[in-house]
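First the structure, in the form of C-alpha cells, and then the observations on it.
Treat the numbers as computed from the prediction; the structure is a model and nothing was measured. Proteins get letters first, then strands, A, B, ... in listed order; numbering begins at 1 in each.
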2 protein chains.
Amino acid sequence: MSDEGQLSLRKADSRRRSATRAVTMADVAQAAGVSTQTVSRALRDPRSVGPDTLARIEEAVRETRYVQNFAASHLASNRSMTVAAIIPTISASIFAETIQGLTDVLLPEGYQVFLGHTDYMAGREESLVRSFSGRRPDGFFIIGTRHTQETTALLKRTGVPVVESWSWTNRPVDMLVGFSNHAALMSVVDHLVGRGYRRLAFTGVMKPGDHRAKERLKGFQDAHERHFPGVTPRVVTVTSGPMVMATGVELLKLVREQHPDTDAVVFVSDVLASGALLACAGMGISVPKDLAITGFGNYDIAGQLTPGLTTIAIASRRIGTESANLLLRRMQGGDVENRTQDVGFELLVRGSA
Amino acid sequence: MSDEGQLSLRKADSRRRSATRAVTMADVAQAAGVSTQTVSRALRDPRSVGPDTLARIEEAVRETRYVQNFAASHLASNRSMTVAAIIPTISASIFAETIQGLTDVLLPEGYQVFLGHTDYMAGREESLVRSFSGRRPDGFFIIGTRHTQETTALLKRTGVPVVESWSWTNRPVDMLVGFSNHAALMSVVDHLVGRGYRRLAFTGVMKPGDHRAKERLKGFQDAHERHFPGVTPRVVTVTSGPMVMATGVELLKLVREQHPDTDAVVFVSDVLASGALLACAGMGISVPKDLAITGFGNYDIAGQLTPGLTTIAIASRRIGTESANLLLRRMQGGDVENRTQDVGFELLVRGSA
DNA sequence: CTGTTAGCGCCTTCAG
DNA sequence: CTGAAGGCGCTAACAG
C-alpha cells in the first residue's frame, strides 16, 4: 500500500530525541501533497478546505495511521480541550451520575474530563487544583462551595470558567449549579414535625472536609430551633468511618443509646438510612410507627425498601449537564446571563416517615 | 512584593499569540538568577541542583506564582504523565472502586488519570481509545478483554503498556489483571446444586457490549450442562434497561412467568438480585425455602439484606491498585515478570442460597 | 482556499 | 553543578 519510507523525511539531526519517530502532521501533509497548515485546518474544520483536498487528506490520515498530538495542539493554540473535575469520591454513585452528565455533554464537543477525588480530605482539594492547573484545563468543575483561600485564589488565577456545585453560596468563585442543603434538611424536619414527630435526632458520618454534611446538620438544627425553641437537638455524629450501610446500623444504635426517646432519625445520607431501615426489622423496631427514618439523595435503594425511604431527591445528573453547558458556552467564548443556577431538591415522602 | 514588570521580559514580537502572557519558566529563571535549565532540573529532581540554588528557585516559584505547563513538558519529553482509563460506566460503584484504587496509586507518582465510559456500547470503546490516543497517555487501563480488531490494533500501536481487567483471556493485548467470570458462575451453580436446587434460572440485563455478562451466562450454561446433561437451562435476559434494583424485580417476575417451577434464580449482578430479594417478601416468596437467589459483585447491600445475599466477591479495589503497579513499573522503564495476574473471586454463602 | 513563517514552553543533548 | 542551543508537533498570523 503506502510506501513506509515516505513517512520519515524529517532531517536526521543529531539533536533528535523522539525515539518513537511517530507519524506527524508533516507526514500526512506530504502524503496528501499539501502543507501542514491545510492538514491542520482540515482536521479542525473539514469544511474549511476544498472537497478533494479534504478527501486526499483523509486518505493520507488513514494510510499513515496518523493520530493527532493534542499536547502540541494545546501548546500552539493555548487550548487544552480538557475540563478538570474534582469530586469528593467516585464511589458514591450519586456524584458518579453528575460526572456522567458532565462528560456526556462535554465529550461530543471534543472536551475530555480529568477526574480527581478528595476523599473528603480538606487539603487534597487544594493540591488537586494545583496539579490540575499544570494541565491548563479550559474549565473547572468542582463539587462544593467551600474551599481554602488559596484554592479560591488558584481557581481565579487560572482565568478559565469554574463551576461549583452540589451546594449553595452567594459568592461563588465564578459560576454555580447547586441547591441548598440547608433548606433541604429544613423541609425534612418540617415534614416530620407535620407528621407529629417531636423527638428528632440527626445522625451521620461527618468527615472534616464534608461541608455539605455540615450544611445539612445546620439545616436540621435551625429548623429544630424554629419548631422547638430552646430545646437542644439530638445530634449523633462520627467524624470518620466508611459511608456504608453497616455504618448506618451502628449510628442507629448509637442514637437509641444516647437518646432512647427518639421518635425520628434524620440521616445525612440514604446509604446510612437504608442500612438502618433494613436493620429495624431485626431489632424489633416498627417503621414508621415506633420510629421514622429519613435519608438524603434518593439512591436507587430508597424506593425499593419496605417501607419506602422518605428522602430528598437531587437532580444529580442534571447538575452535570447544566454545568457542562455553562462551561461550554464560556469556553467557546460566549457569556452566560445567569451565573448561578438553583436545581432545587424534592422531598419524596414514602412510608418510612 | 515582586516587581511585576520583571516578569514580562519576552520580546513583544508582532507574531506573539499567547494573550494570557502567563508566567513561564523563563520568568522563574530570571527571578532566581539562573537559567531555565536549572529551574527545569530543580522542579523535576530537587536534589540535582545546589541547595541554595534550589532555595532561590523555590522562592522565585512562589513569588511569580509559577505553574508548570505540562503540555510543553509533554511535548519536549515525550511523556504525558497521564494514564487513560476506560470503564463501562462510572455509576456502578464496583468499577468506581477499581478506579479509586488505580488513581490512589498513580496520583502520588505524578500520573493523572483520564476517565472515559462506554455505557456498554460496543463502538464507543474504539472511539474512546482513538481520541484518548491523541493525548499520548503513558499507559492504558481498560475493563474488559474483548475489543474490536481495530481497538486492539490501536492499543498495540500506541507502544505504551496496557492493562486489561475484570475478565480473563489467554491472549491479552499486553497485561492482564482479572479473573474468570465463567469460573465464578460455575462455582455459583455448583453451590446451588450442592444445596439441592435443581431448577436453576439465569437472568440479567445483557447489553450487547457487556462481555462479562456473557461470560457469566456461559459459565452458568456450562455448569448446568455438566450437572444436568441435555437439559435446556432456563435463561431469561433483556438486552436493554437500566441496571437498577427495580429491573431485578421485573426480571424475577419474568422468570416466574416463563419458568414457574424455578427453584433458584442466578442474577448477573447484585443490584438486580437485591431488588428481587427485597421484593420477594411482598410477593409471598420465602427465600431460600421457596426460591434461592444469588448475585454477583458483593455490593454493600448484599450483606445487609435478610437473608443475606449469596454472591461472588471480587477484589475490586485491588484490581485497580495491582493494575497501577504493573503500569507504573513499565512506564518507569522496568519490566514485569508476570504480565497476567488472576485476582480470583470468592463465593460468599449467605442466607439467600 | 492554500502556503509561509515563527513561536507556544519546556526538555534533551552537549559543553563547560 | 550549571548553561547554551535547538527541537518536540502543532497552529496563529499574515500573505497570496
Using a cut-off of less than 4.0 Å, is there contact between a side-chain N or O of [X] and OP1 or OP2 of [N]?
{"X": "B:Ser73", "N": "C:dC11", "value": "yes"}
{"X": "A:Ser35", "N": "C:dG3", "value": "yes"}
{"X": "A:Ser40", "N": "D:dC10", "value": "no"}
{"X": "B:Gln37", "N": "C:dT12", "value": "no"}
{"X": "B:Arg44", "N": "C:dT12", "value": "yes"}
{"X": "A:Thr53", "N": "C:dT2", "value": "yes"}
{"X": "A:Thr38", "N": "C:dT2", "value": "no"}

Rounding to an integer number of Å, can you tell me how far [X] [atom1] sits from [N] [atom2]?
{"X": "A:Asp27", "N": "D:dC8", "atom1": "CG", "atom2": "C1'", "result": "14 Å"}
{"X": "B:Arg79", "N": "C:dC10", "atom1": "CZ", "atom2": "P", "result": "17 Å"}
{"X": "B:Met25", "N": "C:dC8", "atom1": "CE", "atom2": "P", "result": "15 Å"}
{"X": "A:Asp45", "N": "C:dC1", "atom1": "CG", "atom2": "P", "result": "10 Å"}
{"X": "A:Ile57", "N": "C:dC1", "atom1": "CD1", "atom2": "P", "result": "13 Å"}
{"X": "B:Arg47", "N": "D:dT2", "atom1": "CZ", "atom2": "C1'", "result": "18 Å"}
{"X": "B:His74", "N": "C:dC8", "atom1": "NE2", "atom2": "C1'", "result": "15 Å"}
{"X": "B:Leu75", "N": "C:dC10", "atom1": "CG", "atom2": "P", "result": "12 Å"}

From the list A:Val162, A:Thr158, A:Val160, A:Val163, side-chain contact (heavy atoms from CB on, under 4.5 Å) partner of A:Asp174 resolves to A:Val162
Before accepting this row, confirm whether a basic side-chain N of the pair A:Arg146/A:Glu125 lies closer than 4.0 Å to the acidic partner's carboxylate O.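 The answer is no: the pair does not qualify as a salt bridge.
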Exercise for review: State plainly whether the residues A:Arg62 and A:Glu59 are in salt-bridge range, i.e. N to O under 4.0 Å.
Suggested key: yes
The residue, A:Arg41 or B:Ala72, whose nearest nucleotide of DNA chain C is more 5′ is A:Arg41
Margin query: Is it the case that the side chains of B:His117 and A:Thr103 hold a donor-acceptor pair, with the cut-off being a distance below 3.5 Å and no angle test?
Written below: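 Result is yes, a qualifying pair exists.
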| said: Looking at every non-hydrogen atom in both residues, tell me the closest pair between A:Thr82 and A:Arg135 and how far apart they are. | reply: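 Between these two residues, the closest heavy atoms are OG1-O, 4.4 Å.
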Item to complete: Kindly say whether, by distance alone, the side chain of A:Arg136 makes a donor-acceptor pair under 3.5 Å with the base of C:dG9?
Response: no
- Query: Considering only side-chain heavy atoms of B:Asn69, which listed nucleotide, C:dG7, C:dC10, D:dA12, is closest?
  - Reply: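 In terms of side-chain proximity for B:Asn69, the closest of C:dG7, C:dC10, D:dA12 is C:dC10.
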